[in-house]
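What follows is a short report on a single structure.
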Amino acid sequence: MEDKYNPKFIEPKWQKFWEENPDLYAAKDDSKAEKRFILDMFPYPSGAGLHVGHVESYTATDIYSRYFRMRGKNVLHPQGFDAFGLPAENYAIKTGIHPQKTTEKSIKTFKKQLGSLGLSYDWSREVNSSDLDYYKWTQWFFLLLYKNGLAYKKKAKVNWCDSCKTVLANEQVEDGLCERCKNPVRQKDLEQWFLKITDFIEDKVTRGPSSSKITPGLLSGLEKIDWPESTKMLQKNWIGRSEGTIVKFLISNSPNSPNKIPNSKFPISNEISNSKIQSPKQYLEVFTTRLDTIYGCTYCVVAPEHGLIKKYEESIKNKAEVEKYLESVKGKSDLDRTSAKDKTGVELKGIKVINPFTNEELPVWVADYVLSQYGTGAVMAVPAHDTRDYDFSIKYSLPVKEVVISLEKAKNQKSKISAKGGSASGRKNQNDNLKLKTKESFTDDGILANSGEYSGLTSEEAREKMAEWLEENNLGNKKINYKLRDWLVSRQRYWGAPIPIIYCEKCGTVPVPEEDLPVKLPTDVDFLPTGESPLKYSKSFQNVKCPVCGAKATRESDTMDTFVCSSWYYFRYADPKNEKKFASKELIKKWLPVDLYVGGAEHSVLHLLYARFFTKVLHNLGYIDFDEPFLKLRHQGIILSEDGRKMSKSLGNVVNPDDEVKRWGADSLRIFEMFMGPLEDMKPWNTKGIVGVYRFLEKIWKLQNKIHLTSNSLNKIQNPKYQIPNKSQISNDQNGKLDILLNKTIKKVTEDIEAMRFNTAISSLMILANALEKEEGVYLIHYTLYLILLSPFAPHISEELWNKLGHKDLIFKEKWPEYDSALIKDEEVELVVQVNGKVRDRIKVAADISEEEAKAMAISSGKVENYTKDREIRKVIYVRGRLVNIVI
RNA sequence: GGUCCGAUGGCGGAAUUGGUAUACGCACGACACUUAAAAUGUCGCGUCCGUAAGGGCAUGUGGGUUCGACUCCCACUCGGACCACCA
């Protein structure tokens with residue numbers, strides 16, 4: 001009786017076996033073999049369990065891991081759980097069930113689901129960021145940063161979510177809304193802990209024992225790592241480095257204004273020089289990347305929060321109007337403020353500044369399109385060359401003055417000028433031209449005009465020269481600005497790692513001594529959010545003795561952003577049980593950095609930037625000798641639902657991997673998800689598609705009945721340890737074709753796995769299976785090698801069939817086959833014969849045919865002669881093994 | 001608005017990186033097996049003309065480079081992702 005492929009039976013059987021033999025997948029700390037650290041982003045154990053996106057990336061790393069194990073590498077392929085976080089706490093608020101309980105339960109479900117997929121994790125190294133033994137080290141990291149001046153507390157305007165009642169990092173605010181609950185975020189002043197990530201943007205001299213070394217910064221470090229270009233670009237943009245200049249605009253009518261401007265290039269106007277006041281000069285500092293446009297500056301704008309307004313309160317003549325405006329801005333949420341396309345502002349009447357280059361007196365406006373946090377919170381407005389300033393100038397009828405013209409325009413004018421033969425008329429012409437063009441701003445670099453001695457220079461040259469002049473005269477300096485802010489890590493939440501700080505009335509801020517770690521999360525808390533951390537109301541937690549003086553003191557009641565926990569977890573896998581250190585130096589050296597990291601692109605900035613920061617800190621302090629944690633990074637693409645939309649509970653179009661495993665088996669689900677398309681691509685689910693993969697596995701199952709022995713191949717059968725037949729063996733062998741195909745498949749599958757092109761690897765396995773199936777009988781050697789190639793993709797069926805062949809050992813203990821390069825070359829090839837690039841014939845020739853012979857054969861081909869008749873052959877192009885192109 | 005990416009049959013996608021476009025899978029159609037259906041197997045499956053042999057046209061649109069372009073260059077159209085008043 002023929003047995004049928006039955007994943008329901010064989011998959012649990014092998015999963016049980018693997019579970020009972022955890023050593024099979026364990027990474028060996030003491031092995032001398034070359035290591036491979038292959039890592040998945042550890043999941044947040046949500047109550048919803050695993051989704052198909054998890055399956056996609058976990059299968060990819062599993063295939064990769066299994067492949068490298070078979071290549072004799074010492075593979076570290078661990079998994080763990082990012083277990084702290086808001087959802088569990090929110091659930092606790094709703095139900096009163098402690099987050100620890102729900103988290104434990106979710107983790108159990110997750111592990112069961114992961115097990116049902118046949119993933120080859122080394123569970124002996126599991127980490128859980130909410131475990132005491134884990135967050136002890138998260139706190140240790142905080143102290144490390146604190147002790148090195150990289151963690152500090154300051155009062156700051158923070159993003160506050162009224163619904164979550166907590167602070168959010170800039171990165172967690174989307175469109176002015178809370179990333180999690182979509183509530184509008186508002187600004188609030190709070191004392192908060194920050195980590196100094198901005199210290200590591202640029203390269204940095206190390207502080208560790210070898211202080212002559214450099215820690216490459218977050219920017220330059222991107223250059224040497226194998227990450228998707230788009231991800232690197234996102235990080236670069238997020239860091240937002242821009243080179244510019246600080247320019248000091250003299251506040252001309254301040255109570256302390258000087259009577260003249262030193263070093264000005266222009267005679268000072270009477271109005272200003274007659275001013276009587278003679279005391280320290282007051283300046284408005286602006287930041288600009290377009291210093292070359294400064295002759296076109298027609299006013300300045302400060303942010304509503306800018307200090308100037310308060311300082312010169314008395315000089316402002318339209319105080320009521322300004323105050324009203326400031327009030328209206330304050331009422332706006334971040335969303336209103338950034339989504340408003342219409343720019344608003346009010347002139348600060350009575351305040352004037354002086355452009356250091358032109359000596360013109362300019363009005364100052366306040367407007368909320370200028371951001372207080374960026375640069376100096378003040379800008380010079382050049383309507384002719386900045387779209388925002390242009391919009392604003394149109395609305396409030398402010399002058400527009402063009403001072404940069406495009407290269408082509410400059411050329412045209414030059415020819416006009418020379419045609420007219422006089423520079424005087426030329427200049428006039430130029431001015432006319434400038435006045436005409438006020439429909440929109442020209443924001444590109446170009447050639448300067450109307451810019452005094454700088455006219456005629458390119459923008460780039462002008463920026464250089466102008467900055468020099470400013471520096472010489474103490475009126476400004478070059479400055480690099482970044483969008484990236486320091487990382488705010490305080491959260492007014494319970495379910496996170498407590499910040500290990502104690503506040504003593506006498507001693508002030510005191511770090512918890514290392515030997516007192518961990519600072520344990522108390523259990524006597526009420527989860528209902530109050531705007532303060534629930535820890536604040538736990539007596540057992542709050543009241544402590546000051547570790548320095550022993551006096552009564554209180555603990556910091558905020559917990560850390562969960563991204564702190566996930567910034568270092570990959571180190572812990574190297575040495576997960578260490579009680580003395582976050583990981584020992586030797587084991588870090590053995591396993592890290594991570595060779596392959598796979599996870600969602602949504603982490604392109606947050607987690608991946610923070611993790612790099614932590615690694616750079618450790619490098620800088622001499623703990624480790626590498627400075628990038630993840631050498632190679634790949635993202636799995638989002639799997640859409642069948643209708644092309646995103647899967648979501650509310651749309652009811654979520655595919656549950658459990659259902660698919662139940663129906664088709666884990667092997668089918670694994671292969672199907674890999675076969676859908678390139679790993680990184682976004683692709684829709686196709687319910688019917690998995691059937692094809694199931695049929696493919698069924699086909700392989702049935703092939704076992706075709707294994708047969710011919711007299712020709714008897715030697716192979718008698719020797720159960722297979723070997724690839726050599727060329728002389730196959731020359732008499734009817735199945736020589738299959739040997740060639742098998743070798744080609746070995747090559748293709750090997751190369752594709754290494755490049756993570758799993759979809760084409762599977763396709764080539766299907767082609768070989770189809771070819772084997774067409775044969776009346778299949779050689780054992782072919783089948784044996786086939787199963788080995790299949791095993792990383794479909795571990796259960798491969799192991800079962802291997803076992804049925806009578807092997808005592810497991811298939812994944814087998815060596816990955818090498819292909820025979822002599823056997824991947826066809827003896828005969830099909831040459832395409834083209835006439836003028838169009839295919840007209842195909843001829844079979846020996847693979848090693850000479851160029852002359854090939855050309856001659858092609859030309860004499862009957863079909864070709866129809867086209868070449870009566871025409872002269874001008875040229876013949878030969879591409880070895882591919883084609884002959886006859887040009888007539 | 002900016003930046004980046006992409007566009008190939010009815011669908012997911014392949015194409016040795018400038019050399020046979022549409023591999024592999026799904027869907028579909030015909031046939032075989034069956035009382036019937038399912039399953040399975042065989043064949044077909046870009047499009048147009050043609051009984052056929054064969055030929056024309058096709059990789060979003062238009063142009064260019066080349067003996068030869070899905071692949072390189074220019075312009076445009078559409079779609080997606082990210083950022084979004086960062087001076």
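All chains are named by letter (A, B, ...) in the order of the sequence lines, taking the proteins before the strands, and each is independently numbered beginning at 1. This structure is a prediction, so every number in the text was calculated from the model and none was measured.
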Item to check | Nearest-Å distance once atom P is located in both B:U20 and B:C70 | outcome: 10 Å
Item to check | A:Met766 side chain, from C-beta outward: closest of B:U3, B:C67, B:G25 | outcome: B:G25
Checklist entry - So what does A:Val379 touch, heavy atoms closer than 4.0 Å: a base, only the sugar-phosphate, or nothing? => result base
Checklist entry - Taking atom C1' of B:U16 as reference, at what distance in whole Å does atom NZ of A:Lys748 sit? => result 8 Å
Checklist entry - Hey, does A:Arg840 reach any base, or is it just sugar-phosphate, or nothing, if we go heavy atoms under 4.0 Å? => result sugar-phosphate
Checklist entry - In whole Å, what is the span from the CG atom of A:Asp841 to the C1' atom of B:A53? => result 14 Å
Next on the checklist: Is the phosphate of B:A14 approached by A:Asn759 (side-chain N or O, under 4.0 Å from OP1 or OP2)?
Outcome noted: yes
Checklist entry - Whole Å only: how far is the CG atom of A:Leu883 from the P atom of B:G68? => result 13 Å
Checklist entry - So what does A:Ile877 touch, heavy atoms closer than 4.0 Å: a base, only the sugar-phosphate, or nothing? => result base
Item to check | Nearest-neighbour nucleotide for the A:Glu830 side chain, B:C57, B:G13, B:U20 considered | outcome: B:U20
Checklist entry - Between B:A38 atom P and A:Glu698 atom CD, what is the distance in whole Å? => result 17 Å
Checklist entry - Does A:Tyr374 make a side-chain N or O approach to OP1 or OP2 of B:A87 shorter than 4.0 Å? => result yes
Next on the checklist: Side chains of A:Asn481 and A:Ser242 only: does a donor on one sit below 3.5 Å from an acceptor on the other?
Outcome noted: no
Checklist entry - A:Tyr369 side chain: which of B:A14, B:C82, B:C85 is closest? => result B:C85
Checklist entry - Quick one: is A:Asn885 getting a side-chain N or O under 4.0 Å of the B:U66 phosphate, OP1 or OP2? => result no
Next on the checklist: Within the 4.0 Å heavy-atom criterion, would you say A:Asp389 contacts the bases, only the backbone, or no part of the nucleic acid?
Outcome noted: nothing
Item to check | Nearest-nucleotide 5' precedence on RNA chain B, A:Met676 against A:Gln834 | outcome: A:Met676
Checklist entry - So is A:Arg612 actually on top of A:Trp238's ring, under 6.0 Å and inside 45° of the axis? => result no
Item to check | Span that lies between the P atom of B:A53 and that of B:G44, in whole angstrom | outcome: 13 Å
Item to check | Gap separating the CG atom of A:Asp841 from the CD atom of A:Gln834, nearest 0.5 angstrom | outcome: 11.5 Å
Next on the checklist: Taking 4.0 Å as the cut-off, does a side-chain nitrogen or oxygen of A:Lys395 come that near to OP1 or OP2 on B:C85?
Outcome noted: no
Item to check | Among B:C82, B:A81, B:G25, the one nearest A:Leu234 by side-chain distance | outcome: B:C82
Next on the checklist: For the backbone of A:Gly600 and the side chain of A:Gln636, can you confirm whether one donor and one acceptor N or O come within less than 3.5 Å of each other?
Outcome noted: yes
Item to check | A:Arg695 vs B:U40: side-chain N/O to OP1/OP2 distance below 4.0 Å | outcome: yes
Checklist entry - How are the rings of A:Tyr299 and A:Phe392 set to each other: parallel, tilted or perpendicular (split at 30° and 60°)? => result tilted
Next on the checklist: Does the plane of the ring in A:Tyr5 sit parallel, tilted or perpendicular to the ring in A:Tyr694? Use 30° and 60° as the thresholds.
Outcome noted: tilted
Checklist entry - Taking the nucleotide of RNA chain B with the closest heavy atom to each, which residue, A:Arg290 or A:Ile690, is nearer the 5' end? => result A:Ile690
Next on the checklist: Wobble G-U and Watson-Crick pairs count when both distances are under 3.5 Å; given that, what is the 5' to 3' dot-bracket string of RNA chain B, with | for pairing to other strands?
Outcome noted: (((((((..(((......[....))).(((((.......))))).((((....))))..(((((..]....))))))))))))....
Checklist entry - Should the pair A:Tyr396 and A:Trp365 be assigned to parallel (<30°), tilted (30 to 60°) or perpendicular (>60°) ring geometry? => result tilted
Checklist entry - Nearest to the side chain of A:Val370 - B:G19, B:A87, B:C67? => result B:A87
Next on the checklist: Expressed as a whole number of angstroms, how long is the span from A:Asn686:CG to B:G12:C1'?
Outcome noted: 7 Å
Item to check | Given B:A87, B:A15, B:G12, the nucleotide with the shortest approach to the side chain of A:Phe675 | outcome: B:G12
Checklist entry - How many Å lie between CZ on A:Arg757 and P on B:C24, as a whole number? => result 18 Å
Next on the checklist: Syn if the chi torsion is within 90° of 0, anti otherwise; quick check, which is B:U35?
Outcome noted: anti
Next on the checklist: Going by the glycosidic torsion and a 90 degree boundary from 0, is the base of B:G50 oriented syn or anti?
Outcome noted: anti
Item to check | Separation of B:A87 C1' from A:Lys483 NZ (nearest whole Å) | outcome: 11 Å
Next on the checklist: Tell me whether the rings of A:Phe357 and A:Tyr295 are parallel (<30°), tilted (30 to 60°) or perpendicular (>60°).
Outcome noted: tilted
Item to check | Rounded distance in Å - NZ (A:Lys688) to P (B:C26) | outcome: 12 Å
Item to check | A:Lys683 side chain, from C-beta outward: closest of B:A14, B:G25, B:G12 | outcome: B:G12
Item to check | Phosphate OP1/OP2 of B:C85 contacted by A:Lys343 side-chain N/O (<4.0 Å) | outcome: no
Checklist entry - Nearest to the side chain of A:Ser763, which nucleotide is it out of B:A23, B:A87, B:G12? => result B:A23
Next on the checklist: Tell me whether the side-chain N/O atoms of A:Ser242 come closer than 4.0 Å to OP1 or OP2 in B:A87.
Outcome noted: yes
Checklist entry - Any Lys/Arg nitrogen of A:Asp389 or A:Arg290 sitting under 4.0 Å from an Asp/Glu carboxylate oxygen of the other? => result no
Next on the checklist: Roughly how many Å apart are B:G79 and B:G41, using the P atom of each and rounding to a whole number?
Outcome noted: 42 Å
Next on the checklist: Counting neighbours of CD on A:Glu602 that are heavy atoms of other residues, nucleotides or ligands and sit closer than 6.0 Å, is the number greater than 12?
Outcome noted: yes
Item to check | Sugar-phosphate only, base, or nothing, as touched by A:Glu229 at under 4.0 Å among non-hydrogen atoms | outcome: nothing
